[in-house]
Number of protein chains: 2
Amino acid sequence: MAVSILDVAKRANVSISTVSRVVNRSELVNAKTRARVETAINELGYRPNAFARGLMLRRSEIVGLVLPDLHGEFYSEIIRGANIQARESGYNLVVFSARDRDDSQPLLNAIQRRTLLDGIAVMVSELTDRTQEVLAQVPMPVVVLDGDVNGGPHDNVVINQREGAVALMRHVVHACGARRMLFIGGLETNVDTIARYEACRQVLAEIGRDIDPADVFHLDYEYETAYNLGTQRISDWIGDGNCVFAANDEMAAGILAAANAAGIAVPQQLAVVGFDDTRVARMTHPPLTTVRVPMSRMGASAIELLCERIGDMERPPRRVSLSPELVIRESCGHALRV
Amino acid sequence: MAVSILDVAKRANVSISTVSRVVNRSELVNAKTRARVETAINELGYRPNAFARGLMLRRSEIVGLVLPDLHGEFYSEIIRGANIQARESGYNLVVFSARDRDDSQPLLNAIQRRTLLDGIAVMVSELTDRTQEVLAQVPMPVVVLDGDVNGGPHDNVVINQREGAVALMRHVVHACGARRMLFIGGLETNVDTIARYEACRQVLAEIGRDIDPADVFHLDYEYETAYNLGTQRISDWIGDGNCVFAANDEMAAGILAAANAAGIAVPQQLAVVGFDDTRVARMTHPPLTTVRVPMSRMGASAIELLCERIGDMERPPRRVSLSPELVIRESCGHALRV
DNA sequence: TTGAAAGCGCTAACAG
DNA sequence: CTGTTAGCGCTTTCAA
């Protein structure tokens with residue numbers, strides 16, 4: 001049996017309250033007594049029981065992070081940022097993967113069923129009514145990551161995607177002379193995909209153009225899928241002023257690979273741009289023009305917000321908006337080395 | 001204040017013991033009583049307090065995973081596998097990043113200080129005496145991941161790296177005719193790097209050759225660093241029968257990029273092989289011949305072992321050995337499409 | 001089959 | 001400055 005506060009108290013000839021005070025840095029303890037207690041603690045190797053502590057304090061110092069998936073650099077970086085921030089704020093981080101399409105019930109169960117969590121950050125990328133409803137039921141502080149829940153009751157971290165996508169599109173259109181866009185996104189319900197697509201149309205509209213519905217594809221954010229699509233269709237896409245806008249770098253890389261395989265020169269015969277600026281963006285040929293999404297900062301901000309909220313439940317909900325940044329490389333006409 | 005077991009008991013006109021029994025699936029409860037209690041539970045939205053529960057049961061159903069770093073696909077996949085398995089075994093997963101070079105004290109502190117963890121899986125990639133010592137002190141079940149701690153007191157998951165690296169080298173030497181190897185690894189103390197380097201020398205020895213110390217480089221597993229090295233040195237490396245063995249795919253990709261930039265044809269003028277079979281291996285030009293390391297299974301196995309251990313503290317330590325698999329693509333001579 | 005009661009280890013009034 | 005004591009919410013003998 002582990003050593004308890006009572007063992008320490010006996011050893012140091014004090015009461016358990018005194019030991020408790022010493023442990024909790026209460027400087028309410030006489031220096032000599034404190035020294036004696038600390039000695040006892042060290043000699044015995046005493047560590048406070050986290051359950052008993054939590055039972056009194058109602059805090060576990062553990063927060064959760066729910067992501068749609070754990071696959072790929074995007075989520076991995078979010079986790080990394082979240083983890084660093086959690087540690088910084090004195091919390092541990094538990095990771096969840098939602099995975100199940102629109103059925104958020106398992107998630108909710110996982111979270112609701114006797115959990116020690118002090119709070120939870122949820123990344124929402126398919127925002128349905130159901131999701132809203134589920135989030136409303138979570139019996140602890142919630143921070144919503146990337147879901148554009150205006151006026152929702154929760155603290156909220158959003159990426160100003162629109163801004164980044166518009167900057168990218170303006171570059172593509174004005175600096176690179178794109179006229180016909182081919183849009184390759186994720187699911188139609190995916191909030192990121194929607195924002196990027198809207199931006200695409202908006203900027204096209206600015207020059208009096210639109211996108212042909214036949215030039216819009218909804219895939220799954222994967223390299224292979226995009227590669228396959230590219231292999232099939234790319235010959236239809238070639239042309240001066242034509243540009244593929246893939247909603248993430250992996251798909252863009254897939255298109256680029258398909259282009260290479262087909263002997264198509266990028267950006268001369270076809271421009272390609274991506275989104276996110278994950279590592280792969282620097283590894284493609286040519287390197288990808290893309291938009292840098294501050295992935296790890298997204299994770300970090302969400303956790304920061306969450307920990308602040310846990311510390312002050314009365315504070316009005318806050319929204320943090322992170323801005324992406326255009327990264328110009330060589331896949332779309334203007335060969336400005338970065 | 002949340003609803004407690006007492007509230008339920010009152011509502012259902014039973015004692016708290018009965019509620020407790022119902023909750024814990026004890027079929028020791030009369031069907032009618034149980035129904036009444038369950039109704040009360042649902043009406044009140046009762047969820048057992050995890051702290052109180054843990055205080056009695058001494059279990060949090062949370063396990064930890066300590067990784068050297070959280071950067072990159074390798075660790076990300078380990079987390080993914082670990083997370084899936086944890087969930088499967090009924091646990092939550094807390095992720096730690098050790099990060100600090102050889103100073104494992106912070107880690108130990110983080111873990112020892114009042115933690116709720118039921119156990120912990122630690123990935124050890126720089127195995128020093130200090131590490132051993134630290135691990136011995138962790139006051140909970142420990143599974144060591146990838147550290148070749150023979151006869152250590154802990155359960156252990158290892159990758160049979162040697163086997164994979166030897167298979168790769170045999171392919172490179174016998175099928176592709178490599179004679180001069182250029183080895184690009186991580187730190188000299190890194191256990192993976194050591195194993196791969198040893199295998200390299202072993203197979204070279206089998207054909208009566210050795211590696212020139214000047215052809216051995218210790219970098220940091222990063223794309224950029226390898227790219228820079230390649231840019232500087234690659235002209236010295238060209239030659240029939242010459243082959244770069246990078247200790248991970250990212251570095252191999254960096255070399256490949258440097259080769260492309262220098263107009264060097266791979267594998268005709270220089271062969272390149274990697275290790276891990278991360279996503280990037282399929283995205284390079286040409287695609288990389290490499291060794292597939294079962295990353296997510298590593299994470300899963302570690303957690304599985306850990307959960308089993310938690311369930312039975314008496315069981316003798318077990319070791320799980322995972323085998324990597326040679327993946328032949330096009331970067332080293334034999335263009336067998338995979 | 002159910003209830004009463006004894007803690008699990010700790011924190012926080014409240015006294016002294 | 002220190003000790004006494006009353007819980008926190010739950011599981012689990014032990015009796016009934």
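Chain A is the first sequence line, chain B the second, and so forth, proteins listed ahead of strands; every chain is numbered from 1. Quantities reported herein were computed from a predicted structural model and do not represent experimental measurements.
Nucleic acid contact class of A/Ser4 (heavy atoms, under 4.0 Å, all strands): sugar-phosphate only.
Rounded to whole Å, the distance from CZ on B/Arg59 to C1' on D/dT12 is 16 Å. The distance from atom CZ of B/Phe51 to atom P of D/dG9 is 12 Å, rounded to the nearest whole Å. Taking atom CZ on B/Arg34 and atom C1' on C/dT1, their separation rounds to 12 Å, with Å as the unit. Distance A/Arg53 CZ to D/dG7 C1': 17 Å, rounded to the nearest Å. Atom CZ of A/Arg47 is separated from atom C1' of C/dC10 by 15 Å (rounded to the nearest Å). As a whole-Å value, the separation of A/Leu116 CG from D/dC10 C1' is 13 Å. One interatomic measurement links the two molecules: CG of B/Leu55 to P of C/dC10, which rounds to 9 Å at whole-angstrom precision. Put simply, NZ on B/Lys10 is 11 Å from P on D/dG9, counting in whole angstrom units.
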Protein-nucleic acid N or O pairs under 3.5 Å, nucleotides 3-7 of chain C:
residue, atom, partner, partner atom, Å
C/dG3, OP2, B/Ser15, N, 2.9
C/dG3, OP2, B/Ser15, OG, 3.2
C/dG3, OP2, B/Thr18, OG1, 2.6
C/dG3, N7, B/Arg21, NH2, 3.4
C/dG3, O6, B/Arg21, NH2, 2.5
C/dA4, N7, B/Ser17, OG, 3.4
C/dA4, N6, B/Ser17, OG, 2.9

Query - Check against salt bridge (Lys or Arg N to Asp or Glu O under 4.0 Å), A/Arg21 and A/Glu27 - result: CA-CA 8 Å; A/Arg21 288 193 194 100; A/Glu27 316 313 45; over 6 Å; no
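When the side-chain nitrogen and oxygen atoms of B/Ser20 are compared with OP1 and OP2 of D/dT11, one or more of them lie within a distance under 4.0 Å. OP1 or OP2 of C/dT11 sits under 4.0 Å from a side-chain N or O of A/Asn24.
Under the 3.5 Å distance criterion, with hydrogens and angles disregarded, a donor-acceptor pair is assigned to the side chains of A/Tyr91 and A/Arg59. Using a 3.5 Å distance cut-off with no hydrogens or angles, the side chains of B/Asn92 and B/Glu61 do not pair a donor with an acceptor. Checking A/Arg34 against A/Asn30 by side-chain atom types alone, no donor-acceptor pair falls below 3.5 Å. Between the side chains of A/Tyr221 and A/Asn190, at least one donor-acceptor pair of N or O atoms lies under 3.5 Å. In summary, the side chains of B/Asp69 and B/Ser97 do not present any donor paired with an acceptor at a separation below 3.5 Å, with no hydrogens or angles considered. With no hydrogens or angles considered, no side-chain donor-acceptor pair links B/Glu43 and B/Thr39 at under 3.5 Å. Between the side chains of A/Arg53 and A/Asn49, no donor-acceptor pair of N or O atoms lies under 3.5 Å.
Comparing the axis of the opening five pairs of the helix from C/dT1-D/dA16 to C/dG16-D/dC1 with that of the closing five pairs yields an angle of 30°, rounded to 10°.
Comparing atom distances between the A/Arg58 side chain and each of D/dC8, C/dC10, D/dT11 picks out D/dC8 as nearest. Among the nucleotides D/dT11, C/dG9, D/dT2, the one closest to any side-chain atom of A/Val29 is D/dT2.
Using a 4.5 Å cut-off on side-chain heavy atoms (C-beta onward), B/Val66 and B/Ile120 make contact.
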